[in-house]
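In each ligand, atom 1 is the first atom listed, and ligand 1 is the first ligand listed.
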Amino acid sequence: MKPEISIEFFPPQTPEGVDKLRTVRAELAQLKPAFFSVTFGAGGSTRERTFSVVKEIAAEGHDAAPHLSCIGSTRASIREILADYRAAGIKRIVALRGDLPSGMAETGEFRYANELVEFIRAETGDWFSLEVAAYPEWHPQARSPKDDLDAFVRKVKAGANSAITQYFYNADAYFSFVEEARALGADLPIIPGIMPIVGFTKLARFSDACGAEIPRWMRKKFESFGDDADSIRAFGLDVVTDLCERLLKGGAPGLHFYAMNQSALTKEICRRLG
Ligand code: FAD
């Protein structure tokens, strides 16, 4: 059986971005993803834009999974969003805590993602299939790996159906996380998040912030390419394709692509994977 893939977008800010995403989506739809997901700015900053992209995806006949981050939100506002999604026939949500945008002081009525999962289950029963985040290299704010794993298991026990990981380039971190989660009774599918590599400088900055490690051998190689975009692209494609192959061979149930609203790299990786 072919492993399922899913593909993540962010909601564009401009009409040109919305148009471009339509083209990207049409190209990526050829890969027959199980669903397209759309990110959500914590505090509700992208609420309308996320909903609008999700409705378009659903109208095109694809499964759409809005992300929903709860930090900075009230129960009443999350309840409204859930009602909108339900009315639009949406059946899947990626349930997250999110990060408070800088300058926003109000943490709102939810502290952690397990509280959001509990709330969605209490409000809507089994209507939504819920995906939660997992961190094979540990969340940057986690007090310890054990605490982070316990937090993950709390989300599972609160009612998550499936998990998507933060991206990583070290397959062993994923296998070890899955083994530890299983030992604690978390037997849901844990889908690796895959970040195709467009450029190195931005990726390095972003990885530092979100706690994803770029191994030294990769970092050194990327640095040696300087501004040579073709070499960066070629090496990035090789590395990510090898990672995906290893993950699937090792039993990963699917792949979730952080496509960053572009189609070329995700398509090429999937083509190479056959
Ligand atoms: P949680 O599971 O709540 O964990 C957050 C931190 O709190 C962890 O360090 C955990 O160990 C700790 N923790 C949990 N419970 C407790 C407790 N009871 N006591 C003490 N510590 C605790 N962000 C967005 O804003 N929008 C998005 O659309 C978005 N999409 C994402 C999609 C994926 C697949 C992933 C992996 C991440 C995404 N993020 C998104 C980023 C995510 O919101 C951040 O990583 C955020 O910092 C944590 O969210 P979480 O849902 O994992 O939080």
Would you please classify the geometry between the Phe35 ring and the His256 ring as parallel, tilted or perpendicular, with 30° and 60° separating the classes?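 If you compare the ring of His256 with that of Phe35, the planes turn out tilted.
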Can you give each donor-acceptor pair under 3.5 Å made by side-chain atoms of residues 64-79, sequence neighbours left out, with the distance rounded to 0.1 Å?
unit_1 : atom_1 : unit_2 : atom_2 : d
His67  : NE2    : Ser37  : OG     : 2.7
Ser69  : OG     : Phe40  : O      : 3.1
Ser73  : OG     : Cys70  : O      : 3.4
Thr74  : OG1    : Ser77  : N      : 3.0
Thr74  : OG1    : Ser77  : OG     : 3.2
Ser77  : OG     : Thr74  : N      : 3.3
Ser77  : OG     : Thr74  : O      : 3.0
Arg79  : NE     : Glu123 : OE1    : 2.9
Arg79  : NE     : Glu123 : OE2    : 3.4
Arg79  : NH2    : Glu123 : OE2    : 3.3

When the aromatic ring centroids of Phe168 and Tyr135 are compared, is their separation below 6.0 Å?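 Ring-ring flag for Phe168/Tyr135: false, centres at least 6.0 Å apart.
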Which residue pairs satisfy the side chain to side chain donor-acceptor pair (under 3.5 Å) criterion with at least one member in residues 183-203, sequence neighbours excluded?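 For residues 183-203: none.
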Checking side-chain polar atoms at under 3.5 Å, does Tyr167 have a donor or acceptor matched by the opposite partner on Ser207?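 A donor-acceptor contact under 3.5 Å links the two side chains.
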For ligand 1, the residues whose heavy atoms come within less than 4.0 Å (ordered by chain, then number):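 Residues Thr39, Phe40, Ala42, His67, Ser69, Leu96, Arg97, Gly98, Asp99, Tyr112, Ala113, Ala133, Tyr135, His139, Gln141, Ala142, Arg143, Asp148, Ala151, Arg154, Lys155, Ile164, Thr165, Gln166, Tyr258 each place a heavy atom under 4.0 Å from ligand 1, listed by chain and number.
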Please tabulate, for the side chains in residues 266-274, all donor-acceptor contacts under 3.5 angstrom to protein atoms that are two or more places apart in sequence or on a different chain.
unit_1 : atom_1 : unit_2 : atom_2 : d
Glu268 : OE1    : Arg271 : NE     : 3.0
Glu268 : OE2    : Arg271 : NH2    : 2.9
Glu268 : OE2    : Arg272 : NE     : 2.9
Arg272 : NH1    : Asp238 : OD1    : 2.8

